[in-house]
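Shown next, in structure tokens, is the structure this report addresses.
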Amino acid sequence: MSYYAEPIARLLEELERLPGIGPKSAQRLAFHILKGDDEAARRLSDSIVEVRRLIHFCPRCFNFASGDLCEYCADPQRDTASMCVVEEPRDVVAIERTGEFRGLYHVLQGTISPMDGIGPEQLRVRELLSRLEDGSVTEVVVATNPNVEGETTALYLARLIKPLGIRVTRIASGLPVGGDLEYADEVTLGRALEARRDM
Ligand SMILES: [Zn+2]
């Protein structure tokens with residue numbers, strides 16, 4: 001039995017599907033929307049529909065993109081000799097916030113996790129290797145998360161890439177072990193990038 005009118009119950013149900021939103025937060029958000037005007041509600045719902053319609057994966061680096069390429073692949077000012085490999089698009093944002101990296105990105109769209117049946121072939125590893133073929137990238141910075149899956153993925157990539165004569169570095173420890181890049185503050189992550197070491 002629900003204490004809410006059916007349309008409110010339906011909104012609560014959708015909000016609670018979102019990560020980090022429990023019943024209390026869902027209720028707060030729903031009541032906020034109800035108290036606001038029609039225009040505010042329409043802007044919110046339109047922005048959700050539009051982000052799904054307009055955003056796709058960059059065909060080069062697999063970050064989110066609204067144009068043909070993502071903003072980094074399309075930017076001629078980026079240093080094309082270094083490439084930072086991350087797990088997810090949100091990690092690109094975390095690295096950019098540090099202001100310590102000016103190169104290109106490659107988003108694996110996951111991490112090697114035998115427990116979950118995810119191997120290299122489920123990730124964008126083949127696409128990464130083909131981007132390295134022309135020899136313009138001289139350093140690959142592996143910025144996977146500092147947990148078991150992230151380290152396994154980093155070692156796997158180093159074994160594949162080093163024989164190509166490309167320097168492979170790993171962001172320094174000092175990040176909380178088991179933590180995610182996205183939760184590290186800019187200063188800590190910036191230092192981890194600066195103090196990266198050869199693999
Ligand atoms: Zn891109």
Side-chain angles (χ1 to χ4, degrees), residues 57-65 69-199:
F57 288 118
C58 173
R60 196 174 287 171
C61 75
F62 302 95
N63 188 12
F64 288 132
L69 294 172
C70 74
E71 57 184 298
Y72 307 107
C73 288
D75 182 355
Q77 307 294 342
R78 304 292 295 198
D79 171 16
T80 55
S82 62
M83 186 182 287
C84 183
V85 177
V86 296
E87 294 177 16
E88 301 289 346
R90 60 174 183 250
D91 301 324
V92 172
V93 177
I95 302 276
E96 278 301 299
R97 281 208 183 113
T98 70
E100 294 284 338
F101 184 74
R102 292 290 306 152
L104 303 173
Y105 288 99
H106 190 84
V107 181
L108 294 170
Q109 296 190 332
T111 186
I112 295 174
S113 178
M115 297 275 282
D116 303 308
I118 300 171
E121 57 287 345
Q122 271 89 46
L123 307 174
R124 300 294 183 176
V125 173
R126 200 164 12 95
E127 291 87 346
L128 169 62
L129 293 176
S130 80
R131 289 183 75 192
L132 300 175
E133 259 170 15
D134 71 1
S136 54
V137 173
T138 56
E139 181 186 355
V140 170
V141 183
V142 183
T144 49
N145 285 319
N147 52 31
V148 175
E149 292 82 10
E151 297 299 342
T152 305
T153 307
L155 287 171
Y156 175 82
L157 293 178
R159 268 204 303 272
L160 281 180
I161 298 168
K162 279 205 297 193
L164 306 174
I166 297 169
R167 185 183 175 204
V168 181
T169 55
R170 177 89 176 101
I171 51 169
S173 49
L175 294 174
V177 174
D180 277 355
L181 250 57
E182 62 171 324
Y183 299 125
D185 65 273
E186 289 106 66
V187 176
T188 307
L189 186 53
R191 283 204 195 113
L193 263 170
E194 225 174 352
R196 64 190 185 273
R197 50 189 165 63
D198 284 281
M199 287 192 75

Checklist entry - CZ of R90: more than 12 outside heavy atoms within 6.0 angstrom? => result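 Buried by this count: over 12 neighbours within 6.0 Å.
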So how far is it from [X] [atom1] to [Y] [atom2], rounded to the nearest 0.5 Å?
X	Y	atom1	atom2	value
Q109	R124	CD	CZ	4.5 Å
E71	N63	CD	CG	7.5 Å
L157	M199	CG	CE	8.0 Å
R60	E127	CZ	CD	13.5 Å
T138	L164	OG1	CG	13.0 Å
K162	D198	NZ	CG	8.0 Å

Between [X] and [Y], is there a donor-acceptor pair closer than 3.5 Å when you use the side chain of the first and the backbone of the second?
X	Y	answer
D134	S136	yes
R170	V142	yes
E87	N145	yes

Side-chain contact test, heavy atoms from C-beta onward, threshold under 4.5 Å: evaluate it for [X] versus [Y] and give yes or no.
X	Y	result
R102	Q77	yes
M83	L132	yes
I112	V125	no
E133	L129	no
T144	I171	no

Could you report the tightest heavy-atom contact between [X] and [Y], atom names first, then the distance?
X	Y	answer
C84	I95	SG-CD1, 4.2 Å
E151	P146	OE2-CA, 3.9 Å
R78	Y105	NH2-CE1, 3.6 Å
C70	C58	N-SG, 3.4 Å
Y72	L104	O-CD2, 4.2 Å
F57	F62	CD2-O, 3.5 Å

Next on the checklist: Quick one, V137 with R131, criterion side chain to side chain contact (heavy atoms under 4.5 Å, CB included). Give me CA distance, side-chain angles, the key distance, then yes/no.
Outcome noted: CA-CA 8 Å; V137 173; R131 289 183 75 192; over 6 Å; no
Item to check | Short side-chain donor-acceptor distance under 3.5 Å, T111 and T153 | outcome: yes
Next on the checklist: Regarding R196 and E139, does a basic nitrogen lie under 4.0 Å from an acidic carboxylate oxygen?
Outcome noted: yes
Checklist outcome for this item: The single option from D91, L128, V86 that satisfies side-chain contact (heavy atoms from CB on, under 4.5 Å) with V107 is V86
